[in-house]
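Numbers here are sequence positions counted from 1.
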Amino acid sequence: MTKKRWLYLLFIVLLAVPVIILHVAFNGNPLTKFLATKQVHSYLEETYPEEQYRVEKGVYNFKNSGYHFKVIQMGEVDDDRTYEFVVTGLLGNKVSFDGIYHDRLDISLMERLGTEASEEIMEHFKNVDLLEIQVSLEVITGALPDDVLWDKDL
């Protein structure tokens, strides 16, 4: 009779383990969700200490194995701004996308400076058979004047 019980127990475990693994693969698990939530809170405190934010409940995305959070800026502004944050890593330990940072980028200045840099670099390689050179720069709004020109010392 004990052999039968052990066989039943083994059969139940063999059925349950794949179901649990599939569930965790598509929905995440409570431990990594908790750690990812803590990571977003500490990241916001370290990176933007002068501002207050509220972190909404995270949603697991199985495509990138990360948790997506909506972060709402609190304060005197009537329209609360919402940003997206993505936390990835084995134990939810790395903010891989910061919506606040990306919202503060000066896209038009970045594109203009990138184009100017690409043209300058292309001049150095005019004897080489190149189709195109693309330069990507990140500039926070207000960090540089709008009329700044590309310079390699920039």
Side-chain angles (χ1 to χ4, degrees), residues 8-122 130-154:
Y8 284 137
L9 184 62
L10 180 65
F11 181 69
I12 290 172
V13 168
L14 287 175
L15 284 177
V17 168
V19 170
I20 292 171
I21 289 173
L22 279 173
H23 176 75
V24 168
F26 286 102
N27 298 309
N29 66 58
L31 175 63
T32 56
K33 185 174 187 175
F34 172 75
L35 293 174
T37 305
K38 271 184 72 172
Q39 178 62 28
V40 169
H41 284 286
S42 65
Y43 179 85
L44 288 170
E45 288 173 8
E46 291 172 14
T47 311
Y48 309 107
E50 69 283 353
E51 300 165 10
Q52 292 183 344
Y53 296 96
R54 184 178 75 230
V55 179
E56 296 289 316
K57 185 177 177 182
V59 177
Y60 184 75
N61 184 350
F62 69 91
K63 292 178 183 175
N64 66 356
S65 299
Y67 288 92
H68 291 243
F69 293 92
K70 286 191 179 186
V71 174
I72 300 170
Q73 184 175 10
M74 309 299 288
E76 300 156 5
V77 181
D78 289 335
D79 57 336
D80 292 338
R81 303 191 88 180
T82 303
Y83 303 99
E84 181 181 1
F85 275 74
V86 178
V87 179
T88 56
L90 183 61
L91 293 175
N93 55 1
K94 180 185 175 206
V95 174
S96 57
F97 181 81
D98 177 352
I100 299 169
Y101 176 80
H102 285 277
D103 189 53
R104 294 179 179 177
L105 292 176
D106 190 345
I107 303 297
S108 61
L109 182 60
M110 289 168 36
E111 289 173 351
R112 185 174 58 78
L113 289 175
T115 303
E116 292 173 8
S118 298
E119 291 169 358
E120 182 179 323
I121 293 171
M122 202 63 170
L130 286 176
L131 295 176
E132 181 180 25
I133 293 178
Q134 290 185 346
V135 176
S136 296
L137 302 169
E138 289 189 357
V139 179
I140 300 292
T141 302
L144 295 173
D146 289 337
D147 59 345
V148 69
L149 297 175
W150 165 253
D151 182 33
K152 62 183 175 181
D153 295 328
L154 186 64

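For Glu84, there are no salt bridge (charged side-chain N to carboxylate O under 4.0 Å, His left out) partners at least two apart in sequence or on another chain. The salt bridge (charged side-chain N to carboxylate O under 4.0 Å, His left out) search around Glu51 returns Arg104, not counting sequence neighbours. Among residues two or more places apart in sequence or in another chain, the side chain to side chain donor-acceptor pair (under 3.5 Å) test is passed with Ser108 by Asp106.
Taking the side chain as every heavy atom from C-beta outward, Leu144 and Leu113 approach each other to under 4.5 Å. Side-chain contact between Tyr53 and Tyr83 is present, with heavy atoms from C-beta onward closer than 4.5 Å. No side-chain heavy atom of Val95 sits under 4.5 Å from any side-chain heavy atom of Val86.
In terms of heavy-atom proximity, Pro145 sits nearest to Leu109 at O-CD2, 4.1 Å. Nearest heavy-atom pair, Met122 versus Leu130, reported as atom, atom and distance to 0.1 Å: CE-O, 3.5 Å.
With values rounded to the nearest 0.5 angstrom, Glu119 atom CD is found 7.0 Å from Glu116 atom CD. Here the OG1 atom belonging to Thr88 is positioned 8.0 Å from the CG atom belonging to Asn93, to the nearest 0.5 angstrom. Note that the CG atom of Leu44 and the CZ atom of Phe69 stand 10.5 Å from one another [nearest 0.5 Å]. In this structure, Leu105 CG and Thr141 OG1 are separated by 7.0 Å, a value rounded to the nearest 0.5 Å.
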Can you list, pair by pair, the side-chain donor-acceptor contacts under 3.5 Å of residues 146-154, counting residues two or more places apart and other chains?
unit_1 : atom_1 : unit_2 : atom_2 : d
Trp150 : NE1    : Glu120 : OE1    : 3.0

Under 3.5 Å, which donor-acceptor pairs do the side chains of residues 15-27 form with other protein atoms, sequence neighbours left out?
unit_1 : atom_1 : unit_2 : atom_2 : d
His23  : ND1    : Asn27  : ND2    : 2.9
Asn27  : ND2    : His23  : O      : 3.3

Expected list for residues 55-62: side-chain donor-acceptor pairs under 3.5 angstrom, two or more places apart:
unit_1 : atom_1 : unit_2 : atom_2 : d
Glu56  : OE2    : Arg54  : NE     : 2.9
Glu56  : OE2    : Arg54  : NH2    : 3.1
Asn61  : OD1    : Lys63  : N      : 3.0
Asn61  : ND2    : His68  : NE2    : 3.3

(request) Begin from the C-alpha positions of Gln73 and Tyr48 and carry the test side-chain hydrogen bond (donor to acceptor under 3.5 Å, both in side chains) through to its verdict. (result) CA-CA 11 Å; Gln73 184 175 10; Tyr48 309 107; over 6 Å; no
(request) Go through the steps to decide whether Thr82 and Val71 satisfy the test side-chain contact (heavy atoms from CB on, under 4.5 Å), and finish with yes or no. (result) CA-CA 6 Å; Thr82 303; Val71 174; over 6 Å; no
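For the residue pair Asp98 and Tyr43, a side-chain donor N or O sits within less than 3.5 Å of a side-chain acceptor on the partner. For the residue pair Tyr67 / Gln39, no side-chain donor-acceptor distance below 3.5 Å is found, with atom types taken as modelled.
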